[in-house]
Amino acid sequence: MQIIENYINGQLVAPRAGNYLDNVEPATGQVYSQIPNSCQQDLEFAVTAAQQAQYSWANTSLEKRAAILCRLADLIDANAEDLARAEAIDNGKPIAFARKVDIYRSSANIRFFAHAGTQFSSESHAMENIAINYTLRDPIGIVGCISPWNFPLYLFTWKIAPALATGNVVIAKPSEVTPMTAYLFSKLCIEAGLPAGVLNILHGSGASIGGPITTHPKIKAISFTGGSATGAHITQATAGMFKKLSLELGGKNPTLVFADCDFEETVKEVVRAAFSNQGQICLCGSRIYIERPIYEQFKQAFVELVEKLKIGDPLDEQTQHGALVSEAHMNKVLSYIELAKQEGGTILTGGKRHQLDGRCANGFFVEPTVIEGLTNQCRTNQEEIFGPVCSIMPFDDEQQALELANGTQYGLASSVWTNDLKRAHRVAKQIEAGIVWINCWLLRDLRTPFGGVKSSGVGREGGLEAMRFFTEPKNVCIKY
Ligand code: NAP
């Protein structure tokens, strides 16, 4: 059984209190490793290490910081196969997906922000014949980065990279449910020569170590990705502490399919948008609105394609649909399918736990599920399920489509499928979401702002937004 360790002050160390949690492989339901359940003592050790590293890292030249980060990205690439396998085992996602999406993006994140660090500049504002203002953008100091389980290494690096590139020292916590790649990553940090204390990785539950990180007085900013309820909890717990918060939260994203779309391409992409990563992506389109003239035809083609998704062992190269991340999460998803039935929904396909043979006989698999006949107001269409469950509904015109799309508390992402350029612009402007994809989904340029409105979050990640979040602007005004 593999024992995971914390990464503090440049070393792999056991938790001070000696407490561990079981780590389960979702595809088999078996415990296969143990992770530290870190506590306040571990946090104090990490904060001291970070304080000691803070000045020297902030004053390390941009080129040197970038070189270390690029070395780290190269090491991820060199170990991509092992990391993809580890992610598939730890999370339940298909290995082909982990390789192509998770691990590819993890090194891309680090390389992107290594370069961004060398290109980042600040503003100056001249007051004609009177004065000049220039803005210093200094690192904040010690920052906390807390990430979820759906893209374990991908979202972990998405936060850590800009924080380090801008000269901060970091205390990071991956999800207790998927700690393995963060642990392997800590070994790569040592190999890359990241100075001791610059990054500290503490494993453990949200209650035992996540909470203490968010409220520690020496940690001045928190970058959090996770559920909206946890985001609300962090906001309350840190109220009055004047910390900088970036909150990337849940979604219940609409997909709007207009009758003039490219039919076949749209069906294929809407299936991908609904079921990639077993529907466990904050950006997945789980509310699918289809213009009435093509509703029946779309429904038939959509269900046909969903039924072709190959459910299987995440380690099988052919698998397209793996296990859900945990038994508790599987039960939550199944309970929403039951709720949908009670709310009057008809299951068009799926609807059950999926049973595999052999090594995966006890795995947490749920069939890709399509439901119709629900109202927009029902809980199934209002609450984030975060699994392989989507609901399809007809609409009659653009105005109604917009009202349905905007009719939840969430506002993270959306996709619109149409060949009418004017409509695409009109709808994009009126959708309440941080991200609108037109005739595509999950096409990402790392320079663009990433995040949501309403209950989907506060602040933006990506490109300059992240560089600005992790720096403190100070204006200097010089009179001529
Ligand atoms: P979660 O339960 O909110 O947990 C997220 C992270 O916060 C985990 O590391 C968790 O630790 C930790 N945590 C839990 N309670 C905490 C507390 N009181 N204080 C500080 N940290 C705490 O979310 P999840 O179930 O892992 O992830 C799924 C959610 O993330 C979905 O809602 C999804 O939409 C959202 N998400 C959003 C984005 C985005 O960019 N907007 C991206 C991906 C996912 P433990 O795991 O150890 O409990």
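Basis for what follows: all heavy atoms, side chains included, without hydrogens, waters or symmetry-related copies. Indexing begins at 1, ligand by ligand and atom by atom, following the structure's order. The shown structure was predicted, so the numbers you read here are calculated from the model rather than taken from an experiment.
- Ligand-side atoms of ligand 1 in range of S205: 47 (O), range being under 4.0 angstrom from any heavy atom.
- With respect to atom 11 (O) of ligand 1, the closest heavy atom belonging to the protein is K173 NZ, 2.9 Å.
- Summarising the contacts of atom 15 (N) of ligand 1 with T230, V325, N150, the nearest heavy atom is found in T230.
- Comparing heavy-atom distances from atom 18 (N) of ligand 1 across K252, E384, H233 singles out H233 as nearest.
- Taking a cut-off of under 4.0 Å to the non-hydrogen atoms of G210, the atoms of ligand 1 that pass are 19 (N), 20 (C), 21 (N).
- Scanning all protein heavy atoms for the shortest distance to atom 37 (C) of ligand 1 gives L249 O, 3.1 Å.
- One N or O on the side chain of N168 and one on the backbone of F470 form a donor-acceptor pair closer than 3.5 Å.
- For ligand 1, none of its N or O atoms has an N or O atom of F224 under 3.5 Å away.
- With 3.5 Å as the limit, one finds a donor-acceptor pair spanning the side chains of H216 and E44.
- Within 6.0 Å of atom CZ in R359, more than 12 heavy atoms from other residues, nucleotides or ligands are found, so the atom counts as buried in its surroundings.
- For the pair L446 and A108, the tightest heavy-atom approach, listed with the atom from each and the gap, is CD1-O, 4.1 Å.
- For L412, every heavy-atom contact with ligand 1 shorter than 4.0 Å involves the side chain, none the backbone.
- Remark: ligand 1 atoms within the under-4.0 Å shell around heavy atoms of W149 are 24 (P), 25 (O), 26 (O), 27 (O).
- The shortest separation from a heavy atom of S147 to ligand 1 is under 4.0 Å, placing the residue in contact.
- Surrounding NZ of K429 are at most 12 heavy atoms belonging to other residues, nucleotides or ligands under 6.0 Å away.
- One distance of note links CD1 of I222 with NZ of K244; it measures 12.5 Å at 0.5 Å rounding.
- The shortest contact between atom 19 (N) of ligand 1 and any protein heavy atom is with G211 N, 3.4 Å.
- Remark: the Q34 side chain and the D22 side chain contain an N/O donor-acceptor pair separated by less than 3.5 Å.
- Contact annotation for T225 and ligand 1: heavy atoms of both the backbone and the side chain come within less than 4.0 Å of the ligand.
- In this structure, G204 has a heavy atom closer than 4.0 Å to ligand 1.
- When each atom of ligand 1 is checked for a heavy atom of F450 under 4.0 Å away, the hits are 40 (O).
- For ligand 1, the atoms lying closer than 4.0 Å to a non-hydrogen atom of G227 are 1 (P), 3 (O), 23 (O), 29 (C), 30 (O), 32 (O).
- Between K252 and E383, none of the side-chain N atoms (NZ, or NE/NH1/NH2) sits under 4.0 Å from a carboxylate O, so this pair counts as no salt bridge.
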Problem set entry | side-chain contact (heavy atoms from CB on, under 4.5 Å) assessment of H203 paired with E176 | CA-CA 6 Å; H203 295 274; E176 79 186 73; over 6 Å; no

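- Distances between N or O atoms of S228 and those of ligand 1 include no value under 3.5 Å.
- Residue L155 approaches ligand 1 through these ligand atoms, each under 4.0 Å from one of its heavy atoms: 42 (C), 43 (C).
- Considering only non-hydrogen protein atoms, atom 46 (O) of ligand 1 sits nearest to S175 OG, 2.8 Å.
- In the candidate list G226, S208, P148, G226 is nearest to atom 35 (C) of ligand 1, counting heavy atoms.
- More than 12 non-hydrogen atoms from other residues, nucleotides or ligands lie less than 6.0 angstrom from CZ of R137.
- Across the listed options G452, C284, C282, C282 owns the non-hydrogen atom lying nearest to atom 39 (C) of ligand 1.
- Under a cut-off of 6.0 angstrom, the local environment of NZ in K332 is crowded, with over 12 non-hydrogen atoms contributed by other residues, nucleotides or ligands.
- For ligand 1, the polar-atom distance check finds no N/O of S456 at less than 3.5 Å from any of the ligand's N/O atoms.
- Side-chain atoms of Q2 and Y183 include no donor-acceptor pair closer than 3.5 Å.
- The pair E248-K159 fails the salt-bridge criterion, with no side-chain N (NZ, NE, NH1 or NH2) lying under 4.0 Å from an Asp/Glu carboxylate O.
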